[in-house]
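Remarks on the structure that follows.
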Amino acid sequence: MTTYTLPSPPPRLTAPARTAYLIASGDLRESANVAGWPTQARMEADVSAALAELGWEVVRANGVDPETGHGFISSQRMGLEVFRSIPADAPLIVAEAVWQYSHHVLAGLRTHRGPILTVANFAGDWPGLVGLLGLNAGMTKMGTEYSTIWSVDFTDPWFRDGLREWTETGRIVHDASHVRPLPELAPSPERDLGRALGDQLLAEKAIIGVFDEGCMGMYNAIFDDELLNPTGIYKERLSQSALYAEMLVVSDEEADAARDWLIDRGMTFRFGTDEATELTEGQVRWQMKMYIAALRIADDFGLDAVGIQYQQGLKDLVPASDLAEGVLNSTERPPVFSRDGRRELFAGRAMPHFNEADEGVAVDALVTDRVWTAMGLVPDNTLHDVRWGEEYDGEFVWVYEISGSVPASHLGGWDKAEGWRQGPVFFPAGGATINGVSRPGELVISRVFIADGILQVDIFRGSAVELPEAETRRRKEATNPEWPIAHVVLHDVSRDQFMARHKANHAQVVYAPDAATADRALIAKAAMFERMGIAVNLVGRVTV
């Protein structure tokens with residue numbers, strides 16, 4: 001008789017009564033984990049104190065590593081190990097005060113049977129809110145039930161009431177009265193335009209070029225072909241190594257000519273000489289090589305949009321992709337020619353770039369580009385991180401911020417753009433941002449995401465507003481002063497309604513010349529999405 005060695009079944013763990021386990025998904029970059037740990041530790045202490053007042057104990061599922069000096073889960077393997085010590089039916093808190101890589105904890109969250117609560121501090125110094133929204137969107141995509149909450153200092157009644165609700169019922173119910181499905185659109189030229197553009201896309205199809213998927217662990221940013229292809233959009237799966245190889249054959253003269261074009265249009269660069277801490281001409285030269293290489297590869301494959309992951313792999317080889325990305329997103333940009341110099345590539349148009357290879361952004365950017373172009377509007381659009389916000393002069397003004405890849409038209413032109421060095425904690429090889437303040441104006445804001453097994457899009461209206469210089473400076477210093485900022489007021493959507501509903505860490509932003517045009521363009525965009533088979537949700541004050 002053959003005898004096999006069978007694995008021993010794992011012990012069945014039991015959660016003590018009135019006890020919540022706590023974990024924190026962290027960054028893959030140890031420099032970020034170490035720098036952000038003091039903020040995370042303070043936030044966890046505040047959350048634990050709030051639960052203690054309700055008669056609950058918080059057990060950290062893993063301790064602080066004496067070698068790294070932090071308690072973040074910093075890899076997928078570590079996440080698997082940590083979840084082995086958590087009872088499968090225990091109440092579980094995922095606390096986030098910094099950016100986090102969702103895939104570090106998604107395996108454990110997918111099979112966890114107890115109530116899950118994601119919680120973040122509402123602060124700007126570290127992107128914990130961005131990380132929270134990304135994690136929430138990942139769990140929404142995979143159909144995992146969760147509750148979510150946030151607070152400035154964890155003492156306000158709204159937070160305490162929500163926490164109490166979770167301890168008593170295992171869930172928190174947020175106000176979703178500001179969201180409604182798209183109704184039957186009334187006949188209009190904009191509806192007809194959107195439907196015609198949708199029919200064209202379904203018939204002729206489009207290709208998005210993805211330079212490696214899964215940037216920074218964003219599971220929510222990967223759209224399966226089975227969901228994407230019915231919209232008329234297909235992927236060309238490309239490697240960042242191919243992009244790097246193409247960069248190596250772009251001449252210094254071509255790259256410098258593209259940089260000089262930006263300078264001639266008024267962009268300034270804060271150059272220094274220390275590669276470790278300052279922006280150098282060599283860093284910008286590499287960024288312009290990336291811009292040229294991306295367009296040549298787009299030409300090779302007939303792409304309609306491109307997305308560069310950057311954060312794994314390329315960050316160890318070359319400066320940040322943000323300058324290249326923002327230039328790609330601009331209709332007014334340095335000319336790029338084919339390798340033989342005979343053809344200008346994509347002349348007179350932007351090449352929509354879906355930052356961080358976020359495929360929800362890819363769908364949105366492609367639709368926006370086509371609708372705005374057909375309406376004779378400037379189609380330059382970009383994503384922003386939903387970073388933070390505070391009240392100013394009686395209304396809540398969001399800080400929408402991205403690491404540097406805005407089109408210059410959002411800032412008012414290239415003469416309003418400055419190139420600052422990316423921070424060494426996240427960008428060791430440096431590179432320039434496209435820094436500035438988004439100009440006042442009317443916005444159409446949206447997000448394509450996966451929920452209930454289908455593609456959906458939330459569309460809402462907002463306004464970019466002008467704040468006093470001192471207030472702008474305060475907000476930039478409270479976040480990342482080297483990054484471009486947009487002061488955004490949403491229309492009839494409160495802070496907490498937005499946070500509870502938004503199924504992504506990113507929001508897609510495009511300008512319209514006035515409110516009436518923005519409303520018309522929104523209708524055309526909604527009609528195109530609907531024609532593509534994407535479920536459309538109207539958020540806040542939207543007239544259709």
D415/R265 ion pair, N-O < 4.0 Å: no
Whether Q100 side chain and G131 backbone form a donor-acceptor pair below 3.5 Å: yes
Rounded distance [0.5 Å steps], CD1 in I434 versus NZ in K416: 15.0 Å
Salt-bridge criterion met for D299 and R343 (N-O under 4.0 Å): yes
Basic-acidic side-chain contact under 4.0 Å: R270, E278: no
Contacts of S31 that satisfy side chain to side chain donor-acceptor pair (under 3.5 Å) - sequence neighbours left out: none
Pair Y146-T140, side-chain donor/acceptor within less than 3.5 Å: yes
Crowding at CD, E466 (>12 non-hydrogen neighbours, <6.0 Å): no
Q240 side chain to Y310 backbone, donor-acceptor under 3.5 Å: yes
Heavy-atom closest pair, residues A432 and L279: N-CD1, 3.5 Å
Test side chain to side chain donor-acceptor pair (under 3.5 Å) applied to Q508 and T382, N381, N355, D364, the passing residue: N381
Centroid-centroid under 6.0 Å between W398 and F498 rings: yes
Spacing of R191 atom CZ and R531 atom CZ [to the nearest 0.5 Å]: 8.5 Å
Short N-O contact, R421 and E482, less than 4.0 angstrom: no
Side chain H104, main chain G26, donor-acceptor under 3.5 Å: yes
Shortest non-hydrogen contact from V386 toward A507: CG2-CB, 4.2 Å
Salt bridge present between D256 and R259 (N-O < 4.0 angstrom): yes
Full working for side chain to side chain donor-acceptor pair (under 3.5 Å) between E275 and Q283: CA-CA 8 Å; E275 290 283 350; Q283 292 170 16; 2.8 Å; yes
Parallel, tilted or perpendicular: rings of F72 and H70 (30°, 60°): tilted
Check: K525 and S446 side chains under 4.5 Å, non-hydrogen atoms: yes
Spacing of CG belonging to D304 relative to CG belonging to L201, to within rounding of 0.5 Å: 8.5 Å
Short side-chain donor-acceptor distance under 3.5 Å, K476 and N435: yes
Residue pairs, two or more places apart or on separate chains, that pass salt bridge (charged side-chain N to carboxylate O under 4.0 Å, His left out) and touch residues 316-337: none
Within 45° cone of F427 ring axis and under 6.0 Å: K315 NZ or CZ: no
Any donor-acceptor N/O pair, R461 side chain to L443 backbone, under 3.5 Å: yes
Heavy-atom pair with the smallest gap, counting every atom of M139 and T118: CE-CG2, 3.5 Å
Non-hydrogen atoms of R387 and W483 that approach each other most closely: NH1-CZ3, 3.5 Å
Euclidean distance, N220 CG relative to I450 CD1, rounded to 0.5 Å: 8.5 Å
Expected output: side-chain D27 to main-chain N33 donor-acceptor under 3.5 Å: no
Considering all heavy atoms, the nearest Q287-A320 contact: NE2-O, 2.9 Å
Close side-chain approach of L109 and V94, heavy atoms under 4.5 Å: yes
Sidechain-backbone polar pair: K141 side chain, G453 backbone, donor-acceptor under 3.5 Å: no
Where at least one partner belongs to residues 264-300, residue pairs that pass ring-ring contact (aromatic ring centres under 6.0 Å, His included), sequence neighbours excluded: F269-F271
R77, CZ atom: more than 12 neighbouring heavy atoms under 6.0 Å: no
Side-chain (S239) to main-chain (S241) donor-acceptor, under 3.5 angstrom: yes
Partner of F529 by side-chain contact (heavy atoms from CB on, under 4.5 Å), out of V448, T231, L455: V448
Criterion salt bridge (charged side-chain N to carboxylate O under 4.0 Å, His left out) on R339 and E246, from CA distance to verdict: CA-CA 11 Å; R339 296 177 187 85; E246 185 67 33; 3.1 Å; yes
Closest contact, heavy atoms only, V210 versus F354: CG2-CZ, 3.9 Å
Pairing of R349 and D380 as salt bridge, 4.0 angstrom limit: no
Separation of Q311 CD from S403 OG (nearest 0.5 Å): 7.0 Å
Whether E401 side chain and I485 backbone form a donor-acceptor pair below 3.5 Å: no
Pairwise distance NE2(H410) to OG(S438) - rounded to 0.5 angstrom: 7.0 Å
Pi-cation contact, Y511 with R439 (under 6.0 Å, within 45°): yes
Passing option when L243 is tested against R296, M290, K289 for side-chain contact (heavy atoms from CB on, under 4.5 Å): M290
Worked verdict on K503 versus D458 for salt bridge (charged side-chain N to carboxylate O under 4.0 Å, His left out): CA-CA 9 Å; K503 303 303 181 185; D458 284 357; over 6 Å; no
Salt bridge R447-D358, side-chain N to carboxylate O under 4.0 Å: yes
